[in-house]
Undergrad: 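Just passing along the structure, written as structure tokens.
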Number of protein chains: 2
Amino acid sequence: MLEARLNEAATLKRLLDAIKELVQDANFECNEEGISLQAMDNSHVALVSVKLEAGGFRKYRCDRPIPLGVNLGSLTKVLKCAKDDDICVLKATDDGDVLSLTYEARNADRIAEYDMKLMDIDSDTLGIPDTDYEARVTMPAAEFTRIVRDLSNLGESVRIEVSKEGVRFASDGESANGNILLKQTEAARERYRNYGEEDEDEDVEMKDEDDEEGGSKKKTRSKVKKEKVKKEDGDEGEEGEEAEANGEAEDNEDGEFKAKSDDEGEEEVSDSEEKKKKRKRPSASNGKPKKKAKKSDDDDLPAGGVSIEMTQHVNLTFSLKYLVNFSKSSTLSDTVQLMLKNDVPLLVSYTFGQGHIRYYLAPKIGDD
Amino acid sequence: MLEARLNEAATLKRLLDAIKELVQDANFECNEEGISLQAMDNSHVALVSVKLEAGGFRKYRCDRPIPLGVNLGSLTKVLKCAKDDDICVLKATDDGDVLSLTYEARNADRIAEYDMKLMDIDSDTLGIPDTDYEARVTMPAAEFTRIVRDLSNLGESVRIEVSKEGVRFASDGESANGNILLKQTEAARERYRNYGEEDEDEDVEMKDEDDEEGGSKKKTRSKVKKEKVKKEDGDEGEEGEEAEANGEAEDNEDGEFKAKSDDEGEEEVSDSEEKKKKRKRPSASNGKPKKKAKKSDDDDLPAGGVSIEMTQHVNLTFSLKYLVNFSKSSTLSDTVQLMLKNDVPLLVSYTFGQGHIRYYLAPKIGDD
DNA sequence: TGATCCACAT
DNA sequence: ATGTGGATCA
């Protein structure tokens with residue numbers, strides 16, 4: 001039995017607005033850790049991963065894991081019936097046939113209850129390789145939105161290049177070419193030093209020993225090794241060789257994610273990491289309404305500035321269509337993080353009070 | 001000869017916005033009491049009744065009754081030529097061939113005059129049975145709008161149930177079911193105690209002797225007998241039997257309104273009631289411009305809260321399409337009143353400074 | 001079917 | 001006061 005009480009229905013509404021165009025149906029996997037969702041878009045080029053942590057709810061109870069097969073269109077419809085500041089209670093029985101959403105006005109004189117039929121969805125749990133990223137860019141979500149939107153008016157794809165100069169987004173179009181260079185902001189670097197570590201589970205530093213280095217499907221921590229920053233700038237210019245020379249060629253290098261059967265025994269990234277980070281956000285469940293906290297109550301790092309960390313010069317090309325789509329999540333957080341590694345899917349991550357949403361996008365091959 | 005001087009053209013504009021989708025052509029019946037309109041929608045399922053009281057005009061003169069056969073589309077066009085705060089003067093000669101509308105800017109430095117051709121419209125005066133409603137719900141118009149709009153995204157029809165618990169709006173749809181429960185707000189109950197009695201002619205209490213109890217077409221006051229409130233809560237659960245047991249089966253129980261020939265000698269509801277209530281709104285014709293009084297100058301009961309009065313558990317099902325349509329009248333008043341009785345058309349009533357607009361909607365039979 | 005305008009919600 | 005969504009008009 002699931003019962004999850006969310007302070008603001010707006011969180012869910014925004015979440016669905018962010019992903020409903022990418023995915024039509026998906027399983028919300030509910031367990032004691034919280035609620036997570038993973039799905040690929042129809043073309044199997046992009047992957048979304050959402051996590052709502054148990055601690056982010058005002059109340060959370062899930063006796064045993066339940067997959068809730070949801071049609072996101074239907075859920076969106078139902079969520080439209082909620083006012084942004086309604087308290088939203090999700091309930092489901094263990095059989096997972098129906099999801100009940102209850103919206104309570106803050107003054108309790110209105111209670112709305114919606115029952116949504118669920119469906120069975122084949123969900124091979126998706127294997128997200130845990131990656132040793134070579135560059136991490138932390139920037140205002142609105143700026144990212146603007147950049148990809150602007151460039152999408154010129155061309156189909158964008159080349160993202162991180163060098164010691166900064167991060168450059170470049171697109172070539174028929175009528176014009178454009179590129180935007182964002183330089184590191186010193187203040188931002190300081191501000192974001194621990195972003196994604198205190199408030200979420202990015203795990204960017206330390207614990208190399210957690211890596212299962214011998215696996216053919218190498219699973220490593222999502223991190224940029226800090227001690228390497230600024231050491232290998234000299235490699236800039238060519239993309240990719242370094243990574244392959246390392247013998248680290250990912251098995252999803254072909255640009256698509258592989259479905260992995262449920263019984264493979266490998267945990268999803270988020271699950272395994274959640275367990276180690278349970279200590280965080282001890283106060284999240286105290287549920288301060290925080291009126292007007294439009295975006296989220298995650299970070300006290302308010303805004304502005306670009307932080308860049310890198311161990312490697314990276315240079316990758318991606319479809320702008322997807323990035324534009326991803327950037328809809330800027331309603332959930334003021335800040336976005338891009339994690340890059342040559343020849344490996346880009347990770348676009350938005351962290352908000354109750355969890356995070358992450359997108360993985362395979363690079364275009366041949367830099368076309 | 002008719003000459004009616006209305007303080008704000010906006011009132012008429014909003015009125016037409018509210019009904020023009022429901023009805024194409026209708027007679028504005030002008031007499032010494034004011035201007036009224038009654039019409040059924042094309043499907044003969046819904047009925048609109050508008051009353052602009054003589055006292056609600058800055059100046060009103062109508063020597064003898066004139067029916068003005070108006071194409072509402074044309075009138076809407078003409079009204080679009082008025083600014084919201086223009087003073088609007090309606091004029092017509094006794095032959096009723098043309099309606100003249102004059103718009104005067106408040107500072108009289110602009111005067112626009114429009115003449116609109118009128119038409120002959122067969123108008124069997126409609127028989128609106130005057131009903132002893134079993135429940136009255138008074139609530140913010142915006143909330144009603146929101147509820148029917150939300151539910152209309154799920155299903156075709158809504159079940160409205162008034163019990164001692166409150167009023168519940170429930171709809172079943174293909175992908176989801178939803179229901180909203182509004183609880184009585186104590187403050188609202190107090191606030192609305194006399195709503196519709198001082199300011200209009202709802203006649204909610206007393207005067208049982210006005211009822212012509214023996215008639216086959218029983219005409220009763222539109223009221224909920226206050227003394228019965230909370231006495232018959234025990235009847236909840238089944239809908240309708242009580243009413244039928246009373247021998248009060250309405251002749252429109254089949255869900256449609258009957259046109260009644262003009263010579264039947266029976267008065268319309270509003271006319272007969274207006275006469276008895278002439279004392280009200282003595283100051284309305286003083287015409288304080290009341291700048292910015294967007295909605296209406298009717299009530300000083302500003303907003304919020306739900307008031308429920310009932311003598312009977314009621315449970316009826318209606319087409320959401322119509323309710324959504326009705327709710328357009330929320331531009332005319334902040335407050336809406338729902339009057340219900342089992343197996344009898346719902347009355348949705350908006351009262352504003354110059355009069356009221358009422359919609360009658362036959363319930364769906366068989367609760368489907 | 002798309003664009004513009006109005007209203008509601010935040 | 002601004003932004004989003006719905007409704008209306010071209």
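Each chain gets a letter, A, B and so on, in the order the sequences are listed, and its residues count up from 1.
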Undergrad: Determine, for A:Lys117 against B:Glu174, whether the closest basic-nitrogen to carboxylate-oxygen distance falls under 4.0 angstrom.
TA: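 Here A:Lys117 does not pair with B:Glu174 in a salt bridge, since their nearest N and O are not under 4.0 Å apart.
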Undergrad: Closer to the 5' end of DNA chain D via nearest nucleotide, is it B:Thr76 or A:Lys80?
TA: A:Lys80
Undergrad: Check the distance between C:dC6's C1' and B:Asp84's CG and give it to me in whole angstrom.
TA: 11 Å
Undergrad: Using atom NZ of A:Lys83 as one end and atom C1' of D:dG5 as the other, report the distance to the nearest whole Å.
TA: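 Checked: the NZ to C1' distance equals 15 Å.
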Undergrad: Rounded to whole Å, please give me the gap between CG in A:Asp17 and P in D:dG3.
TA: 17 Å
Undergrad: Just to confirm, is there a sub-4.0 Å distance from OP1 or OP2 of D:dA7 to any side-chain nitrogen or oxygen of B:Lys20?
TA: no
Undergrad: Measure the distance from CG on B:Leu16 to P on D:dT8 and round it to the nearest whole Å.
TA: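 These atoms are roughly 14 Å apart.
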Undergrad: By side-chain contact (heavy atoms from CB on, under 4.5 Å), which residues pair with B:Val98, not counting sequence neighbours?
TA: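 With sequence neighbours excluded, B:Val98 shows a side-chain contact (heavy atoms from CB on, under 4.5 Å) to B:Asp115, given in chain and number order.
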Undergrad: Can you list everything that forms a side-chain hydrogen bond (donor to acceptor under 3.5 Å, both in side chains) with B:Tyr103? Sequence neighbours excluded, please.
TA: none
Undergrad: Nearest to the side chain of B:Glu21 - C:dT10, D:dG5, D:dT8?
TA: D:dT8
Undergrad: Rounded to whole Å, how long is the line connecting atom CG of B:Asp150 with atom C1' of C:dA9?
TA: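 Those two atoms, CG and C1', are 12 Å apart.
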Undergrad: So, B:Gln337 versus B:Ser349: side-chain donor-acceptor pair below 3.5 Å or not?
TA: no
Undergrad: Nearest-Å distance, CZ (B:Arg146) to P (D:dT4)?
TA: 16 Å
Undergrad: Rounding to a whole Å, what distance do you find between B:Asn153:CG and D:dT4:P?
TA: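 After rounding, the gap between these two atoms is 19 Å.
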Undergrad: Taking the side chain of B:Arg149 as its heavy atoms from C-beta onward, which of D:dT8, C:dA9, D:dG6 lies nearest to it?
TA: D:dG6
Undergrad: Mind calculating the distance between NZ (B:Lys328) and C1' (D:dA7) to the nearest angstrom?
TA: 8 Å
